[in-house]
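Here the structure is a predicted model, which means the values were calculated and not measured. Order of the sequence lines fixes the chain letters, A, B, ..., with proteins taken first and strands second; residue numbering starts at 1 for each chain.
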Amino acid sequence: MANDKNELLSKNFEPQQVDDKWYKHWLDQGYFKSVPDGREPYTIVMPPPNVTGVLHMGHCLNNTIQDILIRHARMSGKNACWVPGTDHASIATEAKVVGMLRERGIIKSSLSRDEFLAYAWEWKEKYGGIILSQLKKLGCSLDWDRTTFTMDQHYYDSVVKIFVDLHSKGVIYRGKRMINWDVKALTALSDEEVIRKETNQKLYYLRYALSDGEGMTNEEDQDAIIIATVRPETIMGDTAICVNPNDERYKHLHGKYAIVPLINRRIPIIADEYVTMDFGTGALKVTPAHDQNDYALGQKHKLEVVDCFNDDGTMSEAAQIYVGEDRFAVRKKIAIELEEKGFLVKTDSYKSEVGYSERTDAVVEPRLSMQWWVSTEKLASPALKAVMEEEIKFYPPKYRNLYRHWMENIKDWCISRQLWWGQRIPAWFDEAGNIFVAENEAAAQQKAKAHHGDNSFTLKQDEDCLDTWFSSWLWPFEVFRGYSNPGNEEINYYYPTQTLVTAPEIIFFWVARMVMAGYEYMEAKPFDAVYFTGIVRDKQGRKMSKSLGNSPDLLALIDLYGADATRFGIMIASPAGNDILFDETALEQGRNFNNKMWNALKLVQMWEDKVTDIQATAEDEFAMRWFANRLAEVKAEVAEQMKQFKLSEALKVIYSLVWNDFCSWYLEWVKPGMEAPIAATVLEKTKGYYTELLLLLHPFIPFITEEIQKQISPESGDLCIAQFTETITADKTILQQGVLLQQVISALRDVRNKQQIKPKEKIQVSLQTTESDMYRQISDIIQKQTNSDSFEFVTEKIAGAFTTVVGKDTFYVAGGEPTDSGLQKENLEKEKAHLMSFLVSVNKKLGNEKFVQNAKPEVIELEQKKRADAEEKLKIIEENLQSM
RNA sequence: GGGAGUUUAGCUCAGUUGGUUUAGAGCAUCUGCCUUACAAGCAGAGGGUCACAGGUUCGACUCCUGUAACUCCCACCA
C-alpha cells in the first residue's frame, strides 16, 4: 500500500490523496465488522439521524466522538461494535414527501394511504442513505452490515408488539385531552415537540356588553365588562367570562351574563380564584376549546365547548364569521372590525411565550382531541433510579439533575400522530366504537369475534401512526433483534451497550425513554454511560441554523482541510457537555498539525540514507531515554483522560507531545549534523517512538496516522487494528533533567535575543555549576541547540559575558557585540525582586506558629525546601550583581 | 415563577479531596529569523489583584453566604 520509500514526498500532507484509499482498505479488510467472540465487547449504537437529514456540524462532532471511542476500544483489545442506522422521523419525513409531491403537482389528500406510502418509500430509498455515506468521509469505523432503519420489518413489528403489550398491561390508553396541535402537519404533538419562544404580541382590551337577561346589547360603558386577550380571533369560542371571587370591582356581576361581540352570544360571568386580579382588567374570557387553562376552568364550571377552528387553523363553521379564513389573518381583520364597531378599548404591546412546532415551526394550537397515551409513572421509576444510583453514568454529571427533575415530574406521553409515515397504530374499531388492540388484523378479528360472539361486525384500523420516539426508544436492543428474537447470541453479547453519545437536547425525547424501555423489555440498562456533547455554535455563539446561514458545508470543509483536520478542529476545544464555538481556524490548526507530522516524517526518512553502524552518543542516549520516559508519562495521562471521557484534553496533551516534545526537542536533539551519519539504533528508536505517537493519535486522526505509519515502516500491520503498547512507569529524574535542559536552552536563546546576536553568529558558553557531571552528558545538545562553538566549566565570572542564572547554575554567554551591562543588570534585578517577595511570603508562612502546628509535615518540608532553594538562588544572583 | 449551570490571560478552556517554587495550555498578539523536515514554519517574549463583597481557615481559584451578569431547562397568568 505504501509509497516506495525513496519516492519524494510532497511538500505538505495531501489528505485528498490518502483518505479514500485507507477507508477503502479498512473496509476491504473487514476491520469494522464485529461478531461476538471471547473478547470483551465495546458497543455503541449511533443515534440514528433522520432519513431527511444531511450531515451538519452536530453530526460531525457527535460521530467523531463516537469514532474516537470505538477506535480507542478496538486498539485496547476490545471487540468494538458501532451500529449505524437511520430514523424514519415521521413528521419531518412526511413533510418532505408532501413537499416533493406538491412540486410534482400532487396533493396528499388526493392519494390513498398506500399510494402515499409508496412515494414515501421511494423518497427514503433515494435520499435516506446520503447521511450515512457522508459519514464514511469522516472516517467513521461503523459496522455497515448492521445498518438498521426504524421501519425495517423486524423493527416495525417490534414496535407494534410493544404497543400491544403495553396496552394489555394498561400502560397505553386512549383519552380525550388537550393536546398540542400542529396546524401545518395536521397532527398532535407531544409536549416535548413544542418549542416555547418569547414572542411580541398585542394585548387587546375588549368590551363585552352586559346582558339584561334578554340577550340585548347595552351600549353604555358602565354596563360592560372589559377583558384582555392576545387572541381576539377566539372570542367566538368564548363560553364564559371569569373574574376572581375576591375582586370587589366585579362582585356585583357574579352570575350575570355578558354578550360576545360580533356574534352576540350570551355567556355567563363566573368567579374562580384562578384569575389574577392585577393582570389585564382582572376579567378573563374563557375559551375552553383553545386553551389548556380555559379547558380546565370549563370542566370545573361545566361550560360549553365551542371549537372555532378547523384542523388547519382556519375558522370553522362554529365560529360563525370569517369561516375558512386563517387564524392569523382573522386576528388582524377582527381587530379592525372590533374597533370599528366600538368594542376595542385599547391595545398594549405584550411579550409572552408562544408554543411553536419543533418540526414545522407553526404556532401550536391547543386542541381537545382523542389520542393514545403512554402512562409513564411506572416506567419512570426504575429509569430514574438507574441514573441517580449511577448504574448509568452521565458525562458531564450535571445532567443528572436535569434528568431527575424531568423524571420526577413526568407526564403522560401522547404517542399518536395523525400521519401515515410510521408504524400504524395496531388498533381496530368496530361500528359500535369498540376497540381491539392486536398485533395484526387477524388477531384483532379474533378478539372482536370473541367479544361479539359472531361475525356481525366490520373492523377498521386506526388511521394514525405512532410518534417516532415510540420506535427509537427500542434502538439499543432492537438493532440486535433483542425484542423480535429474544435471547439471541448477539443481544446477549452486545447488550447493555457501553456508551451513548448524544446531545442534551434529546435527553427527554430519547435518552430517558430508552432507559425506560431497556428496563421494561431487557430488564437491564441500555448503556453504561451517556456522553453528552455540546451544541455546535458559530464563532459569535449563535446556534447554527439554515436561516442564519451560519452553518458551514461540512463536506466542503473535509475537501478543503481533509477529514483528519476536520476531526481535529472540532475536537480540540470541545469538552463533554460544553457548547463548542466553531471556528475555521481550528481546522487550520488541524491542517498545520498534519503538516508538522508530515514534515517530521520527511526528516526521519532523510535519515534512512545516513544510517551507519556507529554507536549512539551519550547525548543520543540521553535524548532517547528522556523521550521514552516523557512518552510513558503522557501515555498514562491520556489513558486516565480517556477513562473520564476527557477527549479534548487527551488530544491536546498528545498534540503538545508531538509538536513540542517530539518535534521541537527530541528530533532536534538527535538530529545529525549536515554531513554527519546517524546511528542505526537512534533511527530505529526514533521510528519506534513515532509509531507510538501514531498509535496514540490514530483514534483522533485515523487517516494521516495510517499513512505515516506505512511510510516509516511499510511492512508493519495496519494501525487501524493495532493494539496499544504497555506503559512503563516514567522515571522522574530523567524527566526533570529534560526540563532543565530545555530551560537552559531557552535561557541561552533568550540571551541571544536580548543581546541581538544574529542566529548564525556563534556564541561561547561558560557554566558555573556544582552538577558538572550531569551537564557533561548534555553539553553537545546545548551547543547544537544554541549554536555555540564552545562550552566550558568555570569557577568565576567571565568578564564581558552576559550572565544568566538557571536553577542554581550560572551561565556566561559571550559573543556578538560587547555586553550591555545595564540590560543584564536589569534582568537580574528583576529576578532578585521576584525572589525576595517570594521569600517574604514563604517566610511569613514558616514563621506562623499555627501553620507549623497544623500543616501536614510534607507541606512544611516543601515550604522549607522552597525557602532553601530561593535563598540559594538569591545568593547566586546577588554575587553576580555585586561583580557588575 | 421554579430549578440547574457558568463567570480564571484578547479568545476557547484546564486547574482532581483547600498547601506542588506566590495560577497552566492552545489560539491570537509582539520581537527576531526564508537556520537544507516544516514561513501552514522556527526561536523568544509580553499578558491574569482567578466576576464582586463578605466569611471559615495557619493557608482559598478551590469550601460557605450574599450580590451581579450570562446560559440552559421546566412552568397554564389571559
Worksheet entry | Most 5' of E668(A) and K398(A) on RNA chain B, judged by nearest nucleotide |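 Between the two, 5'-proximity favours K398(A).
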Item to complete: Assign each of C663(A) and R231(A) to its nearest nucleotide of RNA chain B by heavy atoms, then name whichever residue's nucleotide is nearer the 5' end.
Response: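 Whichever sits nearer the 5' end wins; that is C663(A).
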Sugar-phosphate, base or nothing in reach of [X], heavy atoms under 4.0 Å:
X	answer
N854(A)	base
Q292(A)	nothing
E588(A)	nothing
K865(A)	base
T585(A)	nothing
L284(A)	base
N12(A)	base
K646(A)	sugar-phosphate

Picking from [options], which would you name as closest to the side chain of [X]?
X	options	value
R749(A)	A78(B), A14(B), A43(B)	A43(B)
V859(A)	G19(B), A78(B), C73(B)	G19(B)
D869(A)	A14(B), U21(B), G19(B)	U21(B)
K596(A)	C42(B), A45(B), A14(B)	C42(B)
R537(A)	C77(B), C74(B), C72(B)	C72(B)
S746(A)	G44(B), C77(B), G2(B)	G44(B)
N401(A)	G2(B), A4(B), A75(B)	A4(B)

Angle class for the [X]/[Y] ring planes (parallel below 30°, perpendicular above 60°, tilted otherwise)?
X	Y	result
Y655(A)	W659(A)	tilted
F394(A)	Y403(A)	perpendicular
F662(A)	Y666(A)	parallel

Worksheet item: Can you tell me how far P of G44(B) sits from CD of Q742(A), to the nearest Å?
Response: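 So the two atoms are 10 Å apart, to the nearest Å.
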Practice prompt. Mind calculating the distance between OH (Y274(A)) and P (A78(B)) to the nearest angstrom?
Written response: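 Going from Y274(A) (OH) to A78(B) (P), I get 8 Å.
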Discussion item. Tell me whether the side-chain N or O atoms of N599(A) pair up with the base of A37(B) as donor and acceptor below 3.5 Å, since no angle test is needed here.
Written reply: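 Such a pair does not exist between side chain and base.
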Fill in: Short side-chain to backbone donor-acceptor contact, S656(A) and V653(A), under 3.5 Å
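No, because the side chain of S656(A) does not come within donor-acceptor range (under 3.5 Å) of the backbone of V653(A).
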Discussion item. Taking only the P atom of each, what is the distance from C58(B) to A69(B) in whole angstrom?
Written reply: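 Per the computed distance, 35 Å lies between those P atoms.
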Fill in: Nucleotide paired to G5(B) in any strand shown, Watson-Crick or G-U, under 3.5 Å
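Per the H-bond distance test, C70(B).
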